[in-house]
Amino acid sequence: CSGDVTMESGGKSSKDKVVAVVGGGLVGALNACYFARRGFQVEVFESRDDIREAKIVRGRSINLALSHRGRQALSRVGMEEKIVSKGIPMHSRMIHSLNGKQSPIPYGKKGQYILSVDRANLNKELLTEAERYPNAKMNFDHKLQDWSPDTGLMTFLRPDGSAQSLQADLIVGCDGAFSTIRKQFLRRSRFNFSQTYIPHGYLELTMPPVAGEFAMKPNYLHIWPRNTFMMIALPNLDKTFTCTLFMPFDEFEKITTGDDVMEFFQEYFPDAIPLIGVEALKTDYFRLPAQAMVSIKCSPYHINDKCVLMGDSAHAVVPFYGQGMNAGFEDCIVFDEIMDQCNEDFSAVLPEYTRVRVPDDHTIADLAMYNYVEMRAHVNSKWFLFRKKVDDILHFLLPKKIVPLYTMVTFTRIRYHEALQRWHWQNKVINQGLLVCATGAVLGGSYLIAKHPPKIQSIPIEKVWDRLLSLKV
Ligand code: FAD
Ligand code: EGU
C-alpha cells in the first residue's frame, strides 16, 4: 500500500475518526498513546476500576522483564526514560545450584541488560501519559459485553448493571488472553485459532529485605533451575524480590500443609527458605491458588477495516522467554509503521498488519513453548550453565556469524521469525564445524598411526592354548 496518497474513505480525517481501544492493560494503554498522537478520537474502555485509585490489584505477575523491543516501543511515545528510571537493571542471571552455590552468567557485553519493572506502575504511567492527550478519553468500569463487526457498535456493562453503547470507526482489541473482542473472530469462517494450557502453574512469593537491604544481589535475574520445578526471582524498588515458582499442577496439589511446603523447599530450594522466611513461606504459599499459563495463536488479526487484535488477545505466550509484553509493545510499533506506509487507510493497514505480524508473533509463541519443554526436560543448574557458556563462547569467537538466540530475541529488533531462521542456520554451521573437527581428528589420527605403527606384540597361537588350559586347571 506504500506510495499512493489518497483521501481516506468517506473523506473523514483522522481527527474525526473514533478509535476504540478495548482493554486498558499494558498494551491498551500504550496503544492509546500511539493513536492519540496521530490525532484520532481515542476512547479506552477498561473493565476494571482505575488502578491508579490505590487498592491492591491482584492477578498477573507483579514484575516483568522489560527488554529492547519493549523499550523501543516506549521510546516512540517518549516514555522510555520515565519507565527505565524506575526499573532495576539485571546484567546477568544468577544460577542457584542445589548446594547453594551461586554462579552469574552475563546477558551480554557490558551495558547489555534487561530491566525488572513493576507491572502496576508501568500500567499507571502509561494510562497517565495517554490521558495527557486532549483527544484521548479513559472509560473505566466499562466491561465489553458484545460488539458487531458489521457496524462497529459495542455494548458495555456498567457496575450498576446498566448498558452503554458506542460506535467506532476502528476497534483495537487489547483485552488480553481471554479477549471478548476475539469472540466475534471465532464465529467467522477461515479464522485459525489454537489454545494450549501447559501442565505447569505458577505462584508468587515475596522475599523481604534483610536489615533494610536486598536479601540477594539486586542486579540479577535469580534462577533456580530444577527440571520440572523452577523458581525465578526479580528485584523490586522496595528492596523485595518477587519469586515465581513454576511447577506442575499435580505437584501443587500434593502440597496441602505448611509442613509440606517446608519439606518441598528443603528438598529443592533450601537456600531460599531463610530468605523468604519460614512463617512467610507457610502462609504466602496458600494466599492464592496456583495460576494457569496458556499459549494462544490465531490468524488473521483483523476483520475488514473495522477491528484488529494486539497484545495477548492476539497471541498469549507462556512466560519462558520473558517476551509477552515486549512482543505486545512491538505490535504497536509495527502497526504504527504500517499506518505511515498506508496513509492511515484502515482497509489497507489491517490486512498488511496481519500479513507482517502473524509470522513473528507465532514464532515467539513457539519459541517460548520450546523453551518451556526444554527447561522441563533437562535443565538443571549444571546444564543451564553449560549451554549458556557454549553459546557465549561461540559468540565471542565468531561475534558476527554466531549470535545466541536469546540475544537476538532480547537485545535486537530482528524479526522473531528471522531470528529463528538465523538460529537454524547457525546450528547447521556449528554442526558442520563439529563434523569438520571430528573428521579431521579421525583422519589425522589415522595418518599418525599409519606413519608410526604402534608395536603391538602378537602372541603365538600355541601360547594362547597353553593359557586357556592353565585357566581350566
Ligand atoms: P493484559 O495485561 O491482560 O490486559 C488486558 C486488559 O483488558 C486488562 O486490563 C483487563 O482488565 C482488560 N479487559 C479484559 N476483558 C475486558 C472486557 N471485556 N472489557 C474491557 N476490558 C477488558 N512479559 C514480558 O515481556 N516480560 C516478562 O518478564 C513477563 N513475565 C510474565 C510472567 C508471568 C507469570 C505471566 C503470566 C506473564 C508474563 N509476561 C511477561 C506477559 C505479560 O504479562 C503479558 O504479555 C502482558 O500483560 C499483555 O498485555 P495486554 O495488555 O495484551 O493484556
Ligand atoms: C519467567 C517468568 C532464564 C519473568 C528463560 C532465561 C521469565 C521472566 C530465559 C517471569 C530463564 C528462562 C529470558 C530473558 C526471561 C534467561 C530469556 C523468563 C523473565 C531464554 C516474572 N527470560 N524471563 N531466556 O536467559 O531470554 O535468563 O516472571 F529461566 S528474561 Cl525460563 Cl533475557
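Both ligands and their constituent atoms are indexed starting at 1 by order of listing. Starting from 1, each residue takes its place in the sequence as its number.
- Each of the atoms 18 (N) of ligand 1 lies under 4.0 Å from some heavy atom of T180.
- At a heavy-atom distance under 4.0 Å, no atom of V409 approaches ligand 2.
- M216 approaches A233 most closely through the heavy-atom pair CE-CB, 4.0 Å.
- Aromatic ring orientation, F246 versus F320: tilted (interplanar angle from 30° to 60°).
- The protein non-hydrogen atom at the shortest distance from atom 31 (Cl) of ligand 2 is M375 SD, 3.4 Å.
- Taking a 4.0 Å cut-off on heavy atoms, M293 fails to register as neighbouring ligand 1.
- The two residues G23 and V44 make their nearest non-hydrogen contact at O-CG1, 4.1 Å.
- In terms of protein heavy atoms, atom 28 (O) of ligand 2 is closest to T244 OG1, 4.1 Å.
- With salt bridges taken as basic N to acidic carboxylate O contacts below 4.0 Å, none links D160 and R158.
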Verdict with supporting geometry, R38 and D340, salt bridge (charged side-chain N to carboxylate O under 4.0 Å, His left out)
CA-CA 10 Å; R38 288 186 173 274; D340 281 338; 2.8 Å; yes
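- Atom 21 (C) of ligand 2 has N63 O, 3.3 Å as its closest protein atom, hydrogens excluded (heavy atom only).
- When heavy-atom distances to ligand 2 are checked against a 4.0 Å cut-off, N371 comes that close only through its side chain, counted from C-beta outward.
- Under 4.0 angstrom from ligand 2, there are no non-hydrogen atoms of Q323.
- Set against the non-hydrogen atoms of H142, the atoms of ligand 1 under 4.0 Å away are 19 (N), 20 (C).
- Atoms of ligand 1 found under 4.0 Å from any heavy atom of G324 (numbered from 1 in listed order, with element): 23 (N), 24 (C), 25 (O), 41 (C), 45 (O).
- Among all protein heavy atoms, the one lying closest to atom 28 (O) of ligand 1 is A65 N, 2.7 Å.
- Using a 3.5 Å distance cut-off with no hydrogens or angles, the side chains of Y372 and H200 do pair a donor with an acceptor.
- Ion pairing between a basic and an acidic side chain is recognised when a charged N comes within 4.0 Å of a carboxylate O; K86 and D118 show no such pairing.
- Between Y353 and F335, the ring-plane angle classifies as perpendicular under the 30° and 60° cut-offs.
- Ring orientation note: the planes of H222 and F241 are nearly perpendicular, at an angle over 60° on the 30°/60° scale.
- Ligand-side atoms of ligand 1 in range of R119: 2 (O), 42 (C), 43 (O), 47 (O), range being under 4.0 angstrom from any heavy atom.
- Below 30°, between 30° and 60°, or above 60°: for W224 and F269 the angle between ring planes is above 60°, a perpendicular geometry.
- Nearest to atom 51 (O) of ligand 1 among the protein's heavy atoms is V27 N, 2.9 Å.
- At a 4.0 Å heavy-atom cut-off, ligand 1 touches P319 through the side chain alone.
- When hydrogens are left out, the protein atom nearest atom 4 (C) of ligand 2 is L234 CD1, 4.2 Å; that is the closest non-hydrogen contact.
- Scanning all protein heavy atoms for the shortest distance to atom 30 (N) of ligand 1 gives L64 CD2, 3.8 Å.
- Remark: minimum distance from atom 19 (N) of ligand 1 to any protein heavy atom is reached at L144 N, 2.9 Å.
- Counting the atoms of ligand 2 from 1 in the order shown, those under 4.0 Å from a heavy atom of I232 are 1 (C), 7 (C), 29 (F).
- Heavy-atom contacts of G322 reach the following atoms of ligand 2: 15 (C), 18 (C), 19 (C), 22 (N), 23 (N) (cutoff under 4.0 Å).
- What you find for V403 and M408 is that their closest heavy atoms are O-CE, 3.6 Å.
- Between R93 and ligand 2, at least one pair of N/O atoms sits closer than 3.5 Å.
- When hydrogens are left out, the protein atom nearest atom 21 (N) of ligand 1 is S47 N, 3.1 Å; that is the closest non-hydrogen contact.
- With ligand atoms numbered from 1 in the order given, ligand 1 contributes 3 (O), 5 (C), 53 (O) to contacts under 4.0 Å with heavy atoms of G176.
- Of the protein's non-hydrogen atoms, P319 O, 3.1 Å is the one closest to atom 1 (C) of ligand 2.
- A cation-pi arrangement is present between R69 and Y416 under the rule of less than 6.0 angstrom and at most 45 degrees off the ring axis.
- No hydrogens or angles considered: nothing links the side chains of T363 and E418 as a donor-acceptor pair under 3.5 Å.
- In this pair, H315 and Y301 present their aromatic rings tilted. The plane angle is within the 30 to 60° band.
- Below 4.0 Å from some heavy atom of C174 lie the following atoms of ligand 1, by number and element: 5 (C), 6 (C), 7 (O).
- Between D312 and ligand 1, at least one pair of N/O atoms sits closer than 3.5 Å.
- Minimum heavy-atom separation, P208 to T240: CA-CG2, 4.2 Å.
- Of all the atoms in ligand 1, the ones that sit under 4.0 Å from a non-hydrogen atom of M325 are 23 (N), 24 (C), 25 (O), 41 (C), 42 (C), 44 (C), 45 (O).
- Between F191 and F193, the two ring planes are parallel [angle under 30°; tilted spans 30° to 60°].
- Under 4.0 angstrom from ligand 2, the non-hydrogen atoms of F246 all belong to its side chain.
- Using a 4.0 Å cut-off between charged side-chain N and carboxylate O, D312 and R182 make no salt bridge.
- Near G311, with a cut-off below 4.0 Å to any heavy atom, the atoms of ligand 1 are 52 (O).
- For ligand 2, the atoms sitting less than 4.0 Å from at least one non-hydrogen atom of Y107 are 16 (C), 25 (O), 27 (O), 32 (Cl), numbered in the order shown with element in parentheses.
- If you look at F178 next to ligand 1, there are no close heavy atoms at all, none under 4.0 Å.
- Contacts with ligand 2 closer than 4.0 Å are made by no heavy atom of Y372, backbone or side chain.
- Below 4.0 Å from some heavy atom of Y406 lie the following atoms of ligand 2, by number and element: 26 (O).
- For the ligand labelled ligand 1, residue T244 lies outside the 4.0 Å heavy-atom shell.
- The residues E330 and R357 are annotated as salt-bridged, a charged nitrogen and a carboxylate oxygen being separated by less than 4.0 angstrom.
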